[in-house]
Student: 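Got a structure here, written out as structure tokens. Questions coming.
Every number for a ligand or one of its atoms is a count from 1 in the order of the listing. Just so it is clear, the model here is predicted, and its values are computed rather than measured.
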Amino acid sequence: MDNCIFCKIAKGDIASFKIYEDDTLFAFLDINPVVDGHLLIIPKTHHENIFDTPDEVLEKISILSKKLAITLKEKLNAKAVNILNASGKEAQQSVFHLHFHIIPRFENDEKNLSFHGEKKEAKDLERVKEMLLS
Ligand code: AMP
Ligand code: ZN
């Protein structure tokens, strides 16, 4: 992908604050961090998002996510971590090269990444379950 900023970062054609690299993956600091230590993990090969990324690559990202989460705890004294992926523009994906955000969390960091909605009745949940399983 000639015009993809994350392909260019993975190749070293655009500078980044690299934290980790191997044959498959590349990790670097997000330039607009939610908190200090906010990292992005990307595959070196171009995949738009989770829908077109091979399982083997996702497996490796999952393992590296854990490793880097531990690094954030050990080196930055993070207490917790959020691991986030946006796949598709409706999910607020803005760079269309797969990436996972690894966001360290600290006591009293006053960030609020809320995924809590409103409580649903059992019949509504049942209907959705039927749709998913049909
Ligand atoms: P998303 O909205 O999930 O697609 O996230 C894209 C992320 O990429 C944002 O958090 C941006 O701050 C980050 N980003 C964009 N360009 C760069 C760059 N050149 N170096 C580091 N992070 C970047
Ligand atoms: Zn790319």
Student: At what distance, to the nearest 0.5 angstrom, does NE2 of His97 lie from CD of Glu48?
Tutor: 11.0 Å
Student: Nearest 0.5 Å, please: how far is CD1 in Ile19 from CG in Leu29?
Tutor: 4.0 Å
Student: How many angstroms lie between CG in Asn82 and CG in Leu113, if you round to the nearest 0.5 Å?
Tutor: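 Separation between the atoms: 5.0 Å.
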Student: Look at the side chain of Ser16 and the backbone N and O of Phe28, then say whether any donor-acceptor pair between them is shorter than 3.5 Å.
Tutor: no
Student: One residue to check: Gln92. Relative to ligand 1, which of side chain, backbone, both or neither has a non-hydrogen atom less than 4.0 Å away?
Tutor: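 Answer for Gln92: backbone.
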Student: Show which atoms of ligand 1 fall inside a sub-4.0 Å distance from at least one heavy-atom site of Phe28.
Tutor: 20 (N), 21 (C), 22 (N)
Student: Which residue supplies the protein heavy atom nearest to atom 1 (P) of ligand 1, what is that atom called, and how far is it?
Tutor: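 Result for atom 1 (P) of ligand 1: His99 NE2, 3.1 Å.
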Student: Find all atoms of ligand 1 within a distance of less than 4.0 Å from any non-hydrogen atom belonging to Leu29, and give their numbers and elements.
Tutor: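 Contacts of ligand 1 toward Leu29, numbered from 1: 21 (C).
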Student: Flag yes if more than 12 heavy atoms outside Tyr20 fall under 6.0 Å of its OH atom; otherwise flag no.
Tutor: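 More than 12 within 6.0 Å, yes.
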Student: Rounded at 0.5 Å granularity, tell me how far CZ in Arg127 sits from CD in Glu121.
Tutor: 11.0 Å
Student: For atom 8 (O) of ligand 1, what's the nearest protein heavy atom and its distance?
Tutor: Phe6 CZ, 3.5 Å
Student: Taking only heavy atoms of Asn32, which atoms of ligand 1 are found under 4.0 Å from at least one of them?
Tutor: 11 (C), 12 (O)
Student: Under 2.8 Å from the Zn ion (ligand 2), which protein N/O/S atoms are there?
Tutor: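 Sorted hits: Cys4 SG, Cys7 SG, His46 ND1, His97 ND1.
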Student: Tell me the contacting part of Leu40 for ligand 1: side chain, backbone, both, or neither, using a 4.0 Å heavy-atom threshold, strictly below.
Tutor: side chain
Student: His101 versus ligand 1: do any nitrogen or oxygen atoms come within less than 3.5 Å of each other?
Tutor: yes
Student: When rounded to the nearest 0.5 angstrom, what is the spacing between CD1 in Ile102 and CZ in Phe100?
Tutor: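 Between Ile102 CD1 and Phe100 CZ, I get 8.0 Å after rounding to 0.5 Å.
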Student: Asp36 vs Phe106, test: side chain to side chain contact (heavy atoms under 4.5 Å, CB included). Steps then yes/no.
Tutor: CA-CA 10 Å; Asp36 283 349; Phe106 303 92; 5.6 Å; no
Student: Evaluate whether atom NZ of Lys8 has more than 12 neighbouring non-hydrogen atoms of other residues, nucleotides or ligands under 6.0 angstrom away.
Tutor: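 Buried by this count: over 12 neighbours within 6.0 Å.
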Student: Check ligand 1 against Ile9 and write out every atom of the ligand that is under 4.0 Å from a heavy-atom position of the residue.
Tutor: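 That gives atoms 18 (C), 19 (N), 20 (N) of ligand 1.
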Student: Determine whether the side chain, the backbone, both or neither of Ile5 has a heavy atom under 4.0 Å from any heavy atom of ligand 1.
Tutor: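 Looking at Ile5 and ligand 1, just side chain atoms fall under 4.0 Å.
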Student: Quick one: nearest non-hydrogen protein atom to atom 12 (O) of ligand 1, plus distance?
Tutor: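 For this ligand atom, the closest protein heavy atom is Asp30 OD1, 2.5 Å.
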Student: How far is atom 20 (N) of ligand 1 from the closest protein heavy atom, and which atom is that?
Tutor: Ile31 CG1, 3.6 Å
Student: Measure the distance from atom 2 (O) of ligand 1 to every protein heavy atom, then report the residue, atom name and distance (to 0.1 Å) of the closest one.
Tutor: Ser94 OG, 2.8 Å
Student: I'd like to check which ligand 1 atoms, numbered from 1 as shown, lie under 4.0 Å from a non-hydrogen atom of Gln93.
Tutor: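 Answer, ordered by atom number: 4 (O).
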Student: Is it the case that Asn112 and Ser114 place a side-chain donor and acceptor less than 3.5 Å from each other?
Tutor: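 Checked: Asn112/Ser114 side chains show no N/O donor-acceptor pair below 3.5 Å.
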Student: May I ask you to identify, for Phe17, whether its side chain, its backbone, both or neither come under 4.0 Å of ligand 1 on a heavy-atom basis?
Tutor: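 Within the 4.0 Å criterion, Phe17 makes no contact with ligand 1.
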Student: When you look for heavy atoms under 4.0 Å from ligand 1, do you find them on the side chain of Leu84, its backbone, both, or neither?
Tutor: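 For Leu84, there is no contact with ligand 1 at all, from either part.
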Student: As an exercise, state the distance from CD1 of Ile14 to CD1 of Ile5, rounded to the nearest 0.5 Å.
Tutor: 4.5 Å
Student: Parallel, tilted or perpendicular: which fits the ring planes of His38 and His101, with parallel below 30° and perpendicular above 60°?
Tutor: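 If you compare the ring of His38 with that of His101, the planes turn out tilted.
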